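Before any comments, here is the structure.
The structure displayed is predicted, hence computed values, not measured ones. Letters A, B, ... mirror the listed sequences (proteins, then strands); counts begin at 1.
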Amino acid sequence: MTAPLTDTLRSAIWAILNDLDLEGLVGTSAEIHLERPANLDHGDFSSNAALTLAKRNDRIPRELAQEIADRLMSAGIDHLIGAEVAGPGFVNIRLANDWLTDLIEVVVDEGSEFGRSDLGEGQRVLVEFVSANPTGPLHAGHARGATYGDALARLLEFVGYEVGREFYINDRGVQMQTYAASLAARSAGEEPPEGGYVGQYIRDWAALMSEGEDPLEWGYAHARAEQQRVLRALNVHFDSWFSEREMIASGAIERTLADLRERGVVDDADGAVWLRSTDYGDDKDRVVVKSDGEYTYLLPDIAYHRDKFGRGWEHLIDVLGADHHGYVARMMAAVQSLGHDREDLEIVITQLVRLERDGQEVKISKRSGDLITMEDLISEVGPDAVRLTYLLQSVDSPQTIDLDLIVRQSNENPVFYVQMANARINSIGRVAEERGMTRLGISEADFSLLTHDRELDLLRTLGQFPDVVRVAARERAPHKITTWVRDLASAVHGFYHDCPILHPDTPEDLRQARWWLAESARIGLRSGLDLLGVSAPESM
RNA sequence: GCCCUCGUAGCUCAGUUGGAUAGAGCGACCGCCUCCUAAGCGGUAGGCCACAGGUUCGAUUCCUGUCGAGGGCACCA
């Protein structure tokens, strides 16, 4: 609905510009846009065409703008009721309200499909996230990657990608040995070895381990099961849990090394094997096989990415914490060394989470055992509040989580604000039933009665959803969905407050129109929350 | 020393490919329940968009530099 009209306006403007025989149309096409002004006084849409083109055509911006505005008005465009020059030379375009109210039927008709697109064209994308070592419980820091990765996957599916969610299990190596040794020591009533894990959870878990168990295997299975259980509780689901050990056992390392040699991207020097990653922009070449014959951590990671492509994934997204960012350049180089394009691998770095309590920073350290576990958070406020809190802001920014606040079930927590908006709409149906009131068919509603600012605001926000979804997906920014959901909730609250539906003073025909408007808002709210993986309870 | 991300209201943060008077929540203050959920709505106060240059009709946004915060720079994982 929104999109076709923007297309109409855009092509009408371009037709006018061509008619006016202006210079520089080709070179500036990207700079001429049709935008939605933040300020309603500036119309429903606005174009900067005159400003962009005036100088190189030796014209006065406002005069050129006036010419464009006049021609727009006589172009016979649907809904168009005004085009005027403003400011330095903007053309502000005004539309009749039915431009907005037409949206109601579209949303009701499309339902949960509203906002969906085929931006991804069915491309197969594998999102790898969390991938925490199986050496302890997931903590509050992991929750950021978990909620982000999951929301991103939902978003990409919604815009037409075929998406897989994978957890890479680092189930071998030094960390595992240290962890097993710490478990064994606690189990025997001793202190963990030098450099071992001293956290309380090691004591707790060791107590659960029966006599004669292999601490490494038992510890691995236990940590993995715990992580899976807690992720499920957060409503995060993976399609695959990929084991490093199994991959290595299958001979993937040897095959990868052979592949790299065949491609001529590795060199032998000083008794070691080096990946010439500087060929692809890395700072220095990287050792993949040490002079003692052992391979470095990098080689399994290369083999793992090779495996992902081998399984038919066309595009890979790795979600990593900021502490891994030094790894990006070499991995990008490695993937290109395997013959893939630079664009085939995308690494999203999430900045670190800082936890505060009483205004003081709470440090997270698995080794020392000072842990705020993910489970603690979920059990305090439930998965919805945890998810929405983490998905509130861009992963590019470091995030401060106030533990006192998230735990407090108050209006300071935005999840209540949003869910409340949904619950209020749903309550209309319940109350109507009690009072014996019924909603008639949508085709009988007269939406021209919707002229209240609150009603139009609600529609304006609702109409942005398809665009917001596209932008959020393109920028890998699910927090933009959160921002929109809050905006929509705000519009719903305002509408609910000022535009009563069931009240006896509300005329029946207006009641019907508002009722369907409320229904379209409910659909939008639900869709946004679904993308975030947050539930939409019908009552609170 | 080099690289990455960031610096916006007292606090936590938004800000669509550069647009007009920079927004929200919380906190502070003042109002609103004979009315579908007051976990709500409205209003007031609060800003040198870190700083300095540059690009142009126009910069919070793009470029360079400075300062500050966090993270990273191994034949460790």
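Judged by centroid separation below 5.5 Å and plane tilt below 30°, A/Y297 does not stack onto the base of B/A77. Here A/H42 counts as stacked on B/A20: its ring centre is under 5.5 angstrom from the base ring centre and the planes meet at under 30°. Per the stacking criterion (ring centres < 5.5 Å, plane angle < 30°), A/Y496 does not stack onto the base of B/G40.
The nucleotide whose nearest atom lies closest to any side-chain atom of A/I428 is, among B/C75, B/C36, B/G19, B/C36. The side chain of A/T400 approaches B/U12 more closely than any other nucleotide in the set B/G40, B/G72, B/U12. Across B/A77, B/G15, B/U37, the shortest atom-to-atom separation from the side chain of A/A423 is found for B/U37. Considering only side-chain atoms of A/A272, the nucleotide from B/C75, B/C13, B/U5 that sits closest is B/C75. Side-chain proximity of A/L352 to the nucleotides B/G40, B/G19, B/G71 is greatest for B/G71.
Between the side chain of A/S397 and the base of B/C13 there is no donor-acceptor pair of N/O atoms closer than 3.5 Å.
For the pair A/R245 and A/Y220, the cation sits on the ring face: its NZ or CZ lies under 6.0 Å from the ring centre, inside 45° of the axis.
Under 3.5 Å, the side chains of A/H305 and A/D318 contain a donor-acceptor pair of N or O atoms.
The same atom, P, is picked in B/C76 and in B/C49; the two are 50 Å apart, to the nearest Å. The same atom, P, is picked in B/G47 and in B/C11; the two are 12 Å apart, to the nearest Å.
Ring-centre distance between A/H493 and A/Y417: below the 6.0 Å cut-off.
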